[in-house]
Amino acid sequence: MKVLHINAGLEDGGGKNHILSLLSQFDPTIAELLVLEDGIIADEAQKLGITVHVLKQRSRYDLSILKRLTQFVNKHSFDIVHTHGARANFIFSTIRKKVAARWLITVHSDPTLDFMNRGIKGTLFTKFNLASLKKADHLIVVTDSLMHPLLKLGISQKKMTIIYNGLQFEPHTSKPSIKNTVFTLTCIARLHPIKGHALLLDSLHAAHFTNFTLNLVGDGELKASLEKKIQQLTMQEQANFLGFLNKPQIDETIANSDITVLASYNEGFPMVLLESANQKTPFIATNVGDIALLVPDKSYGWCVPAGSTESLTDALNEAYTAWENQTLASKGERLYQLASSEFSLERFYQHTLALYEELVHS
């Protein structure tokens, strides 16, 4: 069996970690990666020993790649092509009938919302991606809730398989022994409206404590407006934009945080929450996707309704009290035990491999 993963190559968030962690488990002669641009994914994949091909597009509208991609897939006799992201999905959809490989797509987030607030281009990209999803032989969805928008599109449930993200958990993870002198929160998410940064800032402003530091990790279109909002809330001394960080830097930032926060309006199954669990750092997150599976009750952390400033503020106040009482560590330990047993990288790999074998022999 030979499998080719295709991605645009510029992903720098959970999607990148999902692709690379999965491919790292395969023999490089079985599963390979092709990117449309030379960038962070190709660089990190090569360091992991993954076989990487760069079939560079001159721009995202360069369709000369279609012939080259068709020739590449057929020449190397791939049994399965596994695409990630709207650009890769659309590119492959145009050559689908010219290759013999089965086609699998992983749906990482709600495809009807991926290009929100992008104007006419966003509307077109959304239509192209939704059409691509309908053409694929099978879809992997990373959380149960993502099935609902796909079912509304008329995609059969039989064409979809839920496979949750997984992580290689470190067996000897331990929190720094020195307690932070200020309550330290970290939000790792691209600066995009769907991630709820503005809601988080409003909730922090409404909280009963002011002794905190907020680390904002990630880049995106909202940076200028968020900076303005932070000034309006007079939180310049407390909020820090850290920009893009690599994995070791993210791990260190989480490890030195008291809690991580994700205020998203929509999610798949965020890798960043598994990364938080790996560092035994509890989190506050909105109840989207299947995040609640990581928070059965408040002894593990907090899962609050999406879009509710009041609920998020209440959770922040409770977390601050737990920090003062030094009871956050026990939540982090429980979270680690649950996540490492239920969302391991080995389970993620085995479930994906089983689906590949099923597709090849069907």
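Keep in mind that the numbers below use all heavy atoms, side chains included, and drop hydrogens, waters and symmetry copies.
- Within 6.0 Å of NZ in K179 there are more than 12 heavy atoms belonging to other residues, nucleotides or ligands.
- When only modelled atom types and interatomic distance are considered, H208 and Y320 share no side-chain donor-acceptor pair under 3.5 Å.
- For the pair N215 (side chain) and T184 (backbone), a donor-acceptor distance under 3.5 Å is absent.
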For this session: For the pair I91 and L66, evaluate side chain to side chain contact (heavy atoms under 4.5 Å, CB included) and give the outcome as yes or no after the intermediate values.
Result: CA-CA 7 Å; I91 290 293; L66 301 180; 4.0 Å; yes

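- Interatomic distance, H76 NE2 to E32 CD, rounded to the nearest 0.5 Å: 7.5 Å.
- Hydrophobic clustering (ILVMFWY, side-chain heavy atoms < 4.5 Å, transitive): W302 and F183 are in one cluster.
- For CD of E310, the number of neighbouring non-hydrogen atoms (other residues, nucleotides, ligands) closer than 6.0 Å is 12 at most.
- Side chain to side chain, N165 and H18 meet the donor-acceptor criterion of an N or O pair below 3.5 Å.
- Atom CD of Q232 has more than 12 neighbouring heavy atoms from other residues, nucleotides or ligands inside a 6.0 Å radius.
- Residue K67 places its NZ atom among 12 or fewer non-hydrogen atoms of other residues, nucleotides or ligands, all under 6.0 Å distant.
- When atom types are taken as modelled, the side chain of T286 and the backbone of S264 share a donor-acceptor pair closer than 3.5 angstrom.
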For this session: Apply side chain to side chain contact (heavy atoms under 4.5 Å, CB included) to T83 and W103, showing your working.
Result: CA-CA 8 Å; T83 60; W103 180 21; 3.0 Å; yes

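- Taking a 6.0 Å sphere around CD of E358, one finds it holds 12 or fewer heavy atoms contributed by other residues, nucleotides or ligands.
- In this structure, K280 contributes its side chain and A329 its backbone to no donor-acceptor pair below 3.5 Å.
- Although no hydrogens or angles enter the test, the distance criterion places no donor-acceptor pair under 3.5 Å between the side chain of R87 and the main chain of A8.
- Residue F241 holds its CZ atom at 5.0 Å from CD of E227, rounded to the nearest 0.5 Å.
- In this structure, H351 has its ring center no closer than 6.0 Å to that of Y164.
- Using a distance-only test at 3.5 Å, with no hydrogens or angles considered, no donor-acceptor pair links the side chain of S276 to the main chain of L273.
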Exercise. Can you check side chain to side chain contact (heavy atoms under 4.5 Å, CB included) on F244 and I40, steps first, answer last?
Worked result: CA-CA 11 Å; F244 169 78; I40 186 171; 3.0 Å; yes

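- Rounded to the nearest 0.5 angstrom, L4 CG and I30 CD1 are separated by 14.0 Å.
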